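What you are looking at is a predicted structure, and each value in this text was computed from that prediction instead of being measured. First listed ligand is number 1; within each ligand, the first listed atom is number 1.
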Amino acid sequence: MLKKLMRKKTADIQLLDERMEAVKNRQIPNHVAIIMDGNGRWAKQRKMPRIAGHHEGMKTVRQITNFANAMGVKALTLYAFSTENWKRPRIEIDFLMNLPGEFLNTYLPELMEKGIKVEMIGDMDALPSHTKNAIMKAIEQTKDNKGLVLNFAMNYGSRVELVHAMKELAEEVAAGTLKVDEVNESSIGSKLMTAHLPDPDLLIRTSGEVRLSNFMLWQLAYAEFIFTDVLWPDYDEDCFLQAIEVFQKRDRRFGSLEGDQKR
Ligand code: IPE
Ligand code: IPE
Ligand code: MG
């Protein structure tokens, strides 16, 4: 029985390797954005407190980050805490605010070893100082790394981001340093927190919810969307590879009649 199980496991790993090679020979999405959802339900299914789901979800972050890096993805944006998540109970918020510190304290050496660069979008100033310090330390330490950009969306809300961008442009217009005609897609994009990143090619949301929950509304204008019922703590390499395989079969037309157009 055990031998049979082990043979199956070896066969699964071989298959995963083969699929990985095939996927790597086709176009890999440059920027993948993930709404990591379903931690609470994962815990509930196991009669555990919600925070146990968040803790387990952190392990998935590590696994998917390493896998995305190995696949040659350039940027991975992970929605970790939204501007709306402050509505949750204090105890859950406190736990979530401890996770960046725990994650980065544990995995920073591994991120360095793999050349992964940590970044963050969202309002950092409103985070507790220990959360902010942990993130700032990781950003500083990994700033020269040349591998995957691991971008955490933390206290992030797309509408707030857009309001800030519009205000900045309005101020420049009022000061006479920008013409009204220069308020365009590129100047708006340049004021967003993602200004230095390409728009996501692929958005994944786990847990069966089919909505954006105020995530990258501008940047996702032409992304491919994949929704899966898998809960975030159960999401694994196989799920991620499958998402890329589906992405590679999509016909991206960007409004034209022919497929595989560049935007
Ligand atoms: C996602 O899991 C993590 C965060 C939003 C921080 P949830 O906590 O939303 O889990 P569900 O949706 O309640 O299952
Ligand atoms: C979105 O998930 C935010 C994150 C994953 C960080 P939520 O669980 O907060 O979204 P809603 O409330 O179901 O829309
Ligand atoms: Mg949720």
Using side-chain heavy atoms (C-beta onward) and a distance below 4.5 Å, is F103 in contact with F152? yes
Between the side chains of T228 and R205, is a donor N or O closer than 3.5 angstrom to an acceptor N or O? no
In ligand 2, which numbered atoms sit nearer than 4.0 Å to a non-hydrogen atom of R211? 11 (P), 13 (O), 14 (O)
Among M36, R205, E209, closest by any non-hydrogen atom to atom 1 (C) of ligand 2: R205
Using modelled atom types and a 3.5 Å cut-off, is there a donor and acceptor pairing between side-chain atoms of N214 and backbone atoms of S158? yes
Please could you name the atoms of ligand 2 that F81 approaches to less than 4.0 Å, counting only its heavy atoms? 6 (C)
Between the main-chain N or O of N39 and the side-chain N or O of E56, is there a donor-acceptor pair closer than 3.5 Å? no
For ligand 2, indicate whether the residue R41 contacts it via side chain, backbone, both or neither (heavy-atom separation under 4.0 Å). neither
Is there a polar contact between ligand 1 and G40, counting only N or O atoms under 3.5 Å apart? yes
Give me the residue, atom name and distance of the protein heavy atom closest to atom 6 (C) of ligand 1. A80 O, 3.3 Å
Atom name, D37 (N, O or S, nearest to the Mg ion (ligand 3)): OD1
Strictly by modelled atom types, are Q248 and Q27 linked by a side-chain donor-acceptor pair under 3.5 Å? no
No-hydrogen, no-angle side-chain donor-acceptor test under 3.5 Å, Q219 and H31: no
With nothing but distance in play, are any N or O atoms of N39 less than 3.5 Å from an N or O of ligand 1? yes
Aromatic ring pairing F225/F227, orientation class (parallel under 30°, perpendicular over 60°, tilted between): perpendicular
Short side-chain donor-acceptor distance under 3.5 Å, N85 and S82: yes
Measure from NZ or CZ of R88 to the centre of the six-membered ring of W86 and say whether it is under 6.0 Å with the direction within 45° of the ring axis. no
Atom 14 (O) of ligand 2 - nearest protein heavy atom and its distance: S213 OG, 2.7 Å
So the atoms of ligand 1 within less than 4.0 Å of a heavy atom of H54 turn out to be 3 (C), 8 (O)
List ligand 2 atoms under 4.0 Å from R88, heavy atoms only on the residue side. 7 (P), 8 (O), 9 (O)
Given that the side chain starts at C-beta and the backbone is N, CA, C, O, which of these parts of N85 lies under 4.0 Å from ligand 1, counting heavy atoms, or is it both or neither? side chain
Check for me whether S207 has a heavy atom closer than 4.0 Å to any atom of ligand 1. no
